[in-house]
Amino acid sequence: MDALQIARRMAELNRPKEAAQAYTLALHQGSLAPREELEAAAYLLQSGENYQAAYTTFYSLYNRNLFRDDCLSIMTGAFYDPNVKPQKNRYEKNCAALRKYPYLFRRDFPAFEDLPIRFYPYGDRGYLPFSPAEERFDPYVDFNHPVISRNFFQNLDNPILAKDVYSQYELEYLYDNVRPSEDIGRENHIYLHYESWETFCAHLQVLNIRQLLDKKKIIFLFGEELSRYPIDFQAEYGVDYSQYPVKPIGVQDVHRLIWHTQLSSDNGGDFFNEVFDNHPNLICLPSVMMDNLEESIREVRGSYEKADKARTSGQTPSFDVPLVHQCYWSGACSDKDIFIMLFMLQGGYMGGLDHAARIAPALFFQPHFAHIDFDMTHGERDRTVLLCKEYDKIRSSPVFKAFKYIKTFSPLRRFTTSAAATLRWQIEKRNLLNTGSEERGVATDLALDRSLNRSFMIDPEDRLYQDSILVRFEDGKTNPEATFRALAAFLDLPYTESMTYCSSQGVHDVETAEGNVVGFDTATVYRTYDDYATDDERAFIEFCLRDAYQFYGYDFHYYDGGPVDEARIEKWVEGFTKINEYIALSWKNNVLSDTTVSPDGNKRKLNEEEQEEVLAKIKEKHDKIRLKLAKRLMGSLYFVNKNGQPLRMMPLLKPDPALLKEPLYH
């Protein structure tokens with residue numbers, strides 16, 4: 001029996017749960033005739049087992065011009081009519097508030113029944129808009145989807161002007177991040193221009209406009225009213241904003257976070273920090289160790305809690321640092337407030353901040369970890385779940401959760417180059433091969449680490465990645481203007497003069513870390529670090545990450561792209577001679593040369609033969625993991641989150657081709 005026959009039989013036996021499962025499977029298989037689709041959708045709706053599958057099917061049939069009267073009647077009765085009352089109430093309340101609003105210059109609101117769009121709810125968040133006049137359903141829309149879709153703040157020479165903004169999230173974003181005219185001593189209203197008055201009014205069913213009217217920051221313009229932009233407030237309303245002094249940026253003015261992620265070490269993070277340094281609309285520091293930051297927040301919170309106790313005993317707390325004192329007494333004491341305050345206390349990095357800017361600054365943050373460890377668990381049907389404690393820590397951080405507006409960008413450098421460069425840093429900068437070095441530790445298997453690290457794959461259910469982009473390090477170096485103009489647009493920042501050079505605390509072209517090239521020098525794009533990787537190691541990486549190479553536009557340099565069997569993987573692993581050599585030397589000099597537990601259980605220095613036995617076991621362990629990983633990835637590269645939902649590649653930033661000075665790197 002096929003799925004449809006099973007569904008019908010389960011329905012006959014009055015087993016609605018099993019029938020619904022079978023009908024859902026039949027719909028997903030995509031082999032039903034239209035009338036059978038209608039049958040399946042009707043059953044799912046009536047049984048209440050899977051209303052979303054029913055809804056989607058009715059919508060699909062209608063848009064394919066099949067059973068239109070039946071589908072529209074069912075959808076209206078089941079989904080629209082039960083929800084029309086709250087939509088009508090919202091419309092009437094929005095209209096009442098707008099009738100009294102001084103900066104909306106029309107009052108001819110249509111009756112609710114005459115609105116040109118009906119919104120059919122789909123779940124708790126989104127709608128399918130329906131045009132009765134055109135008999136057309138438009139695609140699903142979620143007005144609270146947390147994505148800023150355009151570069152509102154590209155030009156700050158004049159007040160912000162935005163056209164046809166129908167996203168509640170974006171409306172609140174503008175309201176929260178455009179500063180009041182009184183704070184900057186000049187006219188700075190938000191001008192919202194809509195082509196159609198009727199379409200704007202229709203959206204008053206589903207938007208909450210009332211909450212955006214209190215401070216009178218918004219001016220609504222329709223059609224030809226655009227000619228009024230910008231309004232001369234002194235001439236029209238007798239208001240001279242130039243009389244107001246500029247108000248310095250405060251901790252509680254900052255509402256948006258730009259998360260500069262650390263995909264891995266030696267991935268170009270310092271370079272991107274140098275480009276964004278001294279930006280007038282950013283509170284920007286170089287990489288900050290996540291553990292150190294959390295400890296600093298705890299220390300400030302502890303001092304605030306002591307101050308609270310002192311107040312209950314009649315004392316008046318005072319703090320030596322004026323900003324700390326000010327934040328405490330103004331009530332800016334949340335973890336988010338303390339986090340922003342700690343950044344603002346770094347005065348050397350705040351010199352470029354424009355306190356008279358039209359917009360509040362974003363906080364630019366790259367949380368840094370000493371090492372990022374990825375792992376994979378393998379489940380049924382060739383599915384793989386990615387695990388990473390460091391990213392779990394970020395996702396659970398109250399600081400990240402406190403920001404309403406988050407943009408995420410991730411620099412990516414060619415994987416083989418990044419892996420070899422990191423090993424070079426471990427060997428040369430940490431002196432891991434020198435006996436008696438102050439830094440004790442061992443070299444890590446960078447070829448394996450990079451092959452496991454898929455932090456460029458994002459979880460569609462993860463709030464931190466819903467508005468994210470990946471930027472290739474090589475593009476930033478070889479085509480800086482094209483790349484950083486595009487990145488500024490994505491981050492909703494103006495592309496400023498400060499982004500045309502690299503700096504630290506405003507000082508141009510400094511060596512921010514020993515060995516870093518200066519500025520936009522492209523030398524590190526073409527280095528291969530051959531002393532720290534073999535071709536077999538690099539072919540292994542390219543094979544394991546072959547989907548990422550294709551998606552992000554990197555050509556293979558070591559793997560030929562051909563079929564791979566277990567024998568070929570074993571040959572690659574046999575060729576891990578460079579990394580094995582460095583791992584062995586670092587263990588020998590930093591661990592095994594000390595007094596340790598010998599094979600007989602006693603604490604003493606191991607002799608040469610015993611050391612070689614230990615090193616052989618370490619290599620055997622590494623080889624086993626390498627073989628297991630590559631053999632697992634011989635199949636499909638299909639990754640899911642913990643709930644079984646597919647992960648996807650973070651979108652790639654694409655520079656404007658017209659601005660490219662050099663061919664795109666491959």
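Every value quoted in this text rests on a predicted model; they were computed, and no experiment measured them.
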Q: Take Asp335 and Arg301 through the salt bridge (charged side-chain N to carboxylate O under 4.0 Å, His left out) test and state the conclusion after the steps.
A: CA-CA 8 Å; Asp335 283 357; Arg301 172 155 301 289; 2.9 Å; yes
Q) Within a strict 4.5 Å, meaning less than it, do heavy atoms of the Met350 and Leu285 side chains meet? A)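 They are in contact (side-chain heavy atoms under 4.5 Å apart), so the answer is yes.
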Q: Side-chain contact test, heavy atoms from C-beta onward, threshold under 4.5 Å: evaluate it for Gln262 versus His368 and give yes or no.
A: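 Side-chain contact under 4.5 Å: yes.
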Q: Could you walk me through whether Ser410 and Thr261 pass the side-chain hydrogen bond (donor to acceptor under 3.5 Å, both in side chains) test, one step at a time?
A: CA-CA 5 Å; Ser410 299; Thr261 78; 2.5 Å; yes
Q. Once the angle between the rings of Phe109 and Trp197 is folded into 0 to 90°, is it parallel (under 30°), tilted (30 to 60°) or perpendicular (over 60°)?
A.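 If you compare the ring of Phe109 with that of Trp197, the planes turn out tilted.
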Q. Aromatic rings Tyr103 and His189: how do their planes relate, parallel, tilted or perpendicular, breaks at 30° and 60°?
A.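 Tyr103 and His189: perpendicular rings.
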Would [X] and [Y] pass as an ion pair if we require N to O under 4.0 Å?
X	Y	answer
Glu294	Lys393	yes
Asp492	Lys407	no
Arg395	Asp462	yes
Glu182	Lys247	no

Which atom of [X] lies closest to which atom of [Y], heavy atoms considered:
X	Y	value
Asn208	Gln168	N-OE1, 2.7 Å
Gly476	Thr483	N-OG1, 3.7 Å
Tyr552	Leu412	CD1-CD2, 3.9 Å

Q. After noting the C-alpha distance and the side-chain angles of Tyr166 and Leu171, does the key distance pass the side-chain contact (heavy atoms from CB on, under 4.5 Å) rule?
A. CA-CA 8 Å; Tyr166 287 116; Leu171 288 169; over 6 Å; no
Q: Report the C-alpha separation of Leu293 and Leu342 in whole Å, then their side-chain angles, then the decisive distance to 0.1 Å, and conclude whether the side-chain contact (heavy atoms from CB on, under 4.5 Å) test is met.
A: CA-CA 9 Å; Leu293 178 65; Leu342 290 170; 4.1 Å; yes
Are the side chain of [X] and the backbone of [Y] linked by a donor-acceptor contact shorter than 3.5 Å?
X	Y	result
Glu187	Ser181	no
Asn94	Leu207	yes
Asn278	Gly352	yes
Tyr127	Arg118	no
Ser60	Thr57	no
Glu135	Pro132	no
Tyr55	Phe79	no
Arg107	Arg99	yes

Would [X] and [Y] count as a cation-pi pair here, with the cationic atom under 6.0 angstrom from the ring centre and within 45° of the axis?
X	Y	result
Lys217	Tyr175	yes
Arg68	Tyr62	yes
Arg228	Phe105	yes

Do [X] and [Y] have ring centres separated by under 6.0 Å?
X	Y	answer
Phe365	Phe339	yes
Tyr173	Phe153	yes
Phe200	Phe220	yes
His145	Tyr169	no

**Q.** Between Ser504 and Glu274: side-chain donor-acceptor atoms closer than 3.5 Å
**A.**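 There is no such pair (donor and acceptor under 3.5 Å, judged by atom type) between the side chains of Ser504 and Glu274.
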Q: Would you tell me whether Asp337 and Ser334 have side-chain atoms, one donor and one acceptor, within less than 3.5 Å of each other?
A: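 Distance-only check passes for Asp337 and Ser334.
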Q) Residues in ring pair (Phe, Tyr, Trp, His ring centres under 6.0 Å) with His260, at least two apart? A)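 Residues passing ring pair (Phe, Tyr, Trp, His ring centres under 6.0 Å) with His260: Phe364, Phe409.
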Please list every donor-acceptor pair under 3.5 Å in which a side-chain atom of residues 645-654 meets a protein atom from a residue at least two apart or in another chain.
none

Q. So which pairs with a foot in residues 344-358 pass side chain to side chain donor-acceptor pair (under 3.5 Å), sequence neighbours left out?
A.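 Sorted pair list: Asn188-Arg358.
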Q | Pairwise side chain to side chain donor-acceptor pair (under 3.5 Å) hits with a residue in residues 397-406, at least two apart | A |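 For residues 397-406: Glu172-Lys404, Asp176-Tyr405.
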Residues 326-333, side-chain donor-acceptor partners within the protein, below 3.5 Å, at least two apart:
{"unit_1": "Tyr328", "atom_1": "OH", "unit_2": "Asp308", "atom_2": "N", "d": "3.4"}
{"unit_1": "Tyr328", "atom_1": "OH", "unit_2": "Asp308", "atom_2": "OD1", "d": "2.7"}
{"unit_1": "Tyr328", "atom_1": "OH", "unit_2": "Arg311", "atom_2": "NH1", "d": "3.2"}
{"unit_1": "Trp329", "atom_1": "NE1", "unit_2": "Pro317", "atom_2": "O", "d": "3.4"}
{"unit_1": "Ser330", "atom_1": "OG", "unit_2": "Gln326", "atom_2": "O", "d": "3.0"}
{"unit_1": "Ser330", "atom_1": "OG", "unit_2": "Cys327", "atom_2": "O", "d": "3.2"}

Q: Quick one: list whatever passes salt bridge (charged side-chain N to carboxylate O under 4.0 Å, His left out) with Arg64, sequence neighbours left out.
A: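 Checked Arg64 against salt bridge (charged side-chain N to carboxylate O under 4.0 Å, His left out); matches are Glu37.
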